[in-house]
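Note sheet for the following structure.
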Amino acid sequence: MSRLRIALATAIARLAAVGLRLVGSGATSLPGKILTRLAPEAIAAKAANLERGCAVVSATNGKTTTCAMVASILSADGATTVHNRAGANMAGGIAATLLTEEGDFGLFEVDEFWLDGLVPQLRPRATLLANLFRDQLDRYGELDQIIERWRRVAESPDAGSVVLNADDPLVAGLGAGAEKPFYFGIEDETIGEANPQHASEQAQCPVCHKQFSYSRYFVGHLGHYSCSNGHPGRPAPDVSASSVALDGLRGSRFTLRMGGEDFPVALQLPGLYNVYNAVAAAALGVALGIQPTVIASAIEQTSAAFGRAETVQIGGRDASIMLVKNPAGANEVLRTLADDPGDNDLLIILNSRIADGRDVSWIWDADFELLAASSGVIVCSGERAPQIALRLKYAGIAPERIAIEADLPTALELATSNSSERLVILPTYTAMLALRELLVGRGELTEALA
Amino acid sequence: MADGQLRIGALYPNEMNIYADRGNIAVLTARCRWRGIEATVTALGLGDEIDSDAFDLFYLGGGQDDDQRRCAEDLVAVKKEALTAASQRGAVLLGVCGGYQLFGHWYELEDERIEGLGLLDVETVRAPGARLIGNIAIELDGGDGDPGGILAGFENHGGRTLLRPGATPLGRVLKGHGNDGSSGFEGCRSAHTIGTYLHGPLLPANAWFADWLIQMAVGEAQSLPQLDDDLEELAHADALKAAGL
């Protein structure tokens with residue numbers, strides 16, 4: 001009975017998907033929503049049919065890029081992935097992916113709040129929990145609630161092997177109740193900072209409730225921490241990065257240690273946050289039993305997903321597009337920008353729709369002060385352009401360097417006419433989608449790449 | 001107050017900072033600095049005792065439930081006397097979101113009632129129903145020494161704050177939910193002690209209100225020259241528009 005219902009629901013939802021494509025709609029999750037409405041067990045049934053099983057990735061920051069790396073690892077290992085690569089990461093998007101793609105291995109990035117609902121249906125071979133930062137509080141309430149949901153996931157046999165970030169105390173702490181947790185982290189104390197950035201999350205020892213003390217901060221509250229009362233602190237990572245050398249917007253090099261073996265890696269993606277994404281992807285690969293040599297070379301070959309530091313040509317100039325959506329992520333992008341030796345022009349696009357977070361407060365927690373030492377005009381655009389312009393003023397950026405142009409096409413013209421340097425664009429999520437559409441319209445991005 | 005100086009006491013900046021409360025402090029300090037007034041910010045954390053006369057303005061922001069509970073205990077045990085004295089002396093105390101709740105008599109967390117400072121005549125209860133979230137605009141009526149005008153911001157709170165009889169709201173809700181989603185009131189004010197749910201943060205989106213607080217904190221004798229507020233006014237107009245005004 002159930003099989004018949006799923007088959008019927010599948011047929012109807014596929015029809016809807018074809019219809020949507022015919023009218024040129026990009027509604028990626030609608031067919032999935034139809035499917036799960038008609039046959040709620042469809043996700044579980046279709047996931048169980050994946051010959052080599054599936055893997056799940058969740059995090060506040062870096063889900064899409066980490067999954068792109070895992071996809072590259074899986075494909076180097078000979079798998080054909082069923083992967084929600086466009087980032088539709090709630091039930092509808094995952095159902096739609098299962099409905100429309102053919103393959104033997106499922107790879108799903110899952111929204112933080114949907115994880116506990118989806119893991120029992122997907123029953124992955126491994127679940128990667130990569131980091132937790134405050135993000136879009138208007139949508140999700142507070143971080144504590146996500147931690148409790150994730151704890152249930154980590155303790156459930158449905159999650160398979162649980163892969164955790166040793167450097168994130170909020171995430172590593174979930175290992176206490178997991179069957180055989182597997183950890184990744186960064187082992188290089190010559191990078192990062194001795195002091196925390198503003199708006200770092202607070203983490204305390206689960207035994208004595210004293211704040212953890214840190215010998216090194218890498219990204220936000222991710223770092224080397226310990227309990228000053230001697231209770232267990234950061235677990236030793238099974239997969240790690242050391243000898244990290246960052247090279248501004250161009251990328252980074254580091255030594256990737258897997259199973260006691262070292263592999264030099266040249267990463268095409270910039271910033272320490274992408275080193276984390278790479279080590280996380282490698283750890284998931286190891287947990288899935290893939291050979292370290294395959295993993296290391298596949299990670300090197302991963303290029304950026306759209307809007308995640310990808311380089312495109314705009315108005316004849318090199319342009320990098322880097323999504324910003326919360327303070328921790330924005331800080332890493334800003335730091336990468338500040339460390340880059342080039343003199344880059346900047347376009348910041350701030351929207352406040354639901355997918356961006358309706359509350360724009362977060363821009364005051366991001367360290368735009370890092371831009372004060374640079375030169376050149378910063379064009380502020382998007383639906384909330386005045387808010388980002390004001391933020392820049394209080395970050396110490398001279399008012400004559402701040403231009404406001406809410407209209408995106410005009411702002412892009414303005415930003416590309418400033419000079420011939422590299423243009424760096426920092427859009428929020430829906431701003432990134434608008435930018436992508438604009439670039440396709442200008443013929444500077446092909447639909448296939450987008 | 002000290003001459004040409006604004007001494008800010010930032011309460012629990014490590015715990016009570018989740019709605020970009022740093023933005024409020026940044027606006028206060030910059031707007032003093034641009035006028036030649038020296039602004040200092042001192043972090044007053046868990047366990048720190050306070051010299052009530054050492055500050056002209058105290059700021060308390062919002063936190064997650066666990067952090068807010070720890071700060072509530074510390075406020076009552078360690079800081080209540082000094083903050084009460086400062087409030088009576090006319091220092092400015094600004095509480096935003098969780099800070100507002102802690103300025104009241106008590107607030108409810110799950111089944112528990114947690115004691116606050118009792119500086120404002122309000123209490124905060126939990127009610128069934130969703131968190132009150134969204135853009136908000138409120139109008140100050142210009143009575144009782146407030147400058148009058150519209151504040152715009154963003155609110156996000158589960159608690160419903162009730163004014164006790166005789167308590168003065170900060171403003172009247174034009175758009176959004178306000179204290180409890182039904183009374184039409186937002187915030188509470190008693191002389192120089194102010195509590196509100198508006199973040200966004202509050203002071204960047206409402207520079208005129210920041211100047212009013214600074215004036216109260218440094219005293220009427222200190223002149224506050226007009227600044228070039230083109231961007232501040234654009235941002236204020238943008239926040240009003242986001243709230244539907």
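Numbers restart at 1 for each chain; the letters A, B, ... are given by sequence-line order, proteins then strands.
- For A:Arg358 (side chain) and B:Asn135 (main-chain N/O), no donor-acceptor pair under 3.5 Å exists by modelled atom type.
- B:Asp228 and A:Lys393 make their closest contact through O-NZ, 3.0 Å (heavy atoms, listed as atom of the first residue, atom of the second, distance).
- Proximity of the aromatic rings of B:Phe154 and A:Trp362 is defined here by a centroid distance below 6.0 angstrom, and this criterion is not met.
- Interface with chain B: from residues 204-216 of chain A, residues A:Gln204, A:Gln211 qualify, criterion being any non-hydrogen pair under 4.5 Å.
- Of all the listed residues (B:Asn24, B:Asp65, B:Asp67, B:Asp230), the one sharing the greatest number of non-hydrogen pairs under 4.5 Å with chain A is B:Asp65.
- When the heavy atoms of residues 236-245 of chain B are compared with those of chain A, the residues falling under 4.5 Å are B:Asp238, B:Ala239, B:Ala242, listed by number.
- Around CZ of B:Arg126, the count of heavy atoms belonging to other residues, nucleotides or ligands within 6.0 Å exceeds 12.
- Taking every heavy atom of both residues into account, A:Ile404 and B:Leu231 meet most closely at CD1-CD2, 3.5 Å.
- Neither the backbone nor the side chain of A:Ile388 comes within contact range of chain B; no heavy atom of the residue lies under 4.5 Å from a heavy atom of that chain.
- Side-chain contact check for A:Asp365 versus B:Tyr19: every heavy-atom pair is 4.5 Å or farther apart.
- Of the residues considered (A:Ala389, A:Pro386, A:Ser361), A:Ser361 shows the highest number of contacts with chain B, using heavy-atom pairs under 4.5 Å.
- Inter-residue side-chain proximity for A:Asp359 and B:His199 is flagged as met; some heavy-atom pair is nearer than 4.5 Å.
- Considering every non-hydrogen atom in both B:Ala20 and A:Trp364, the closest pair reads CB-CB, 3.8 Å.
- Side chain of B:Glu232 to main chain of A:Leu390: no donor-acceptor pair is present (N/O by atom type, distance under 3.5 Å, no hydrogens or angles).
- The minimum heavy-atom distance between A:Tyr394 and B:Val27, with the atom names listed, is CE2-CA, 3.8 Å.
- The choice from B:Pro201, B:Ala207, B:Ala30 that makes the most heavy-atom pairs within less than 4.5 Å of chain A is B:Pro201.
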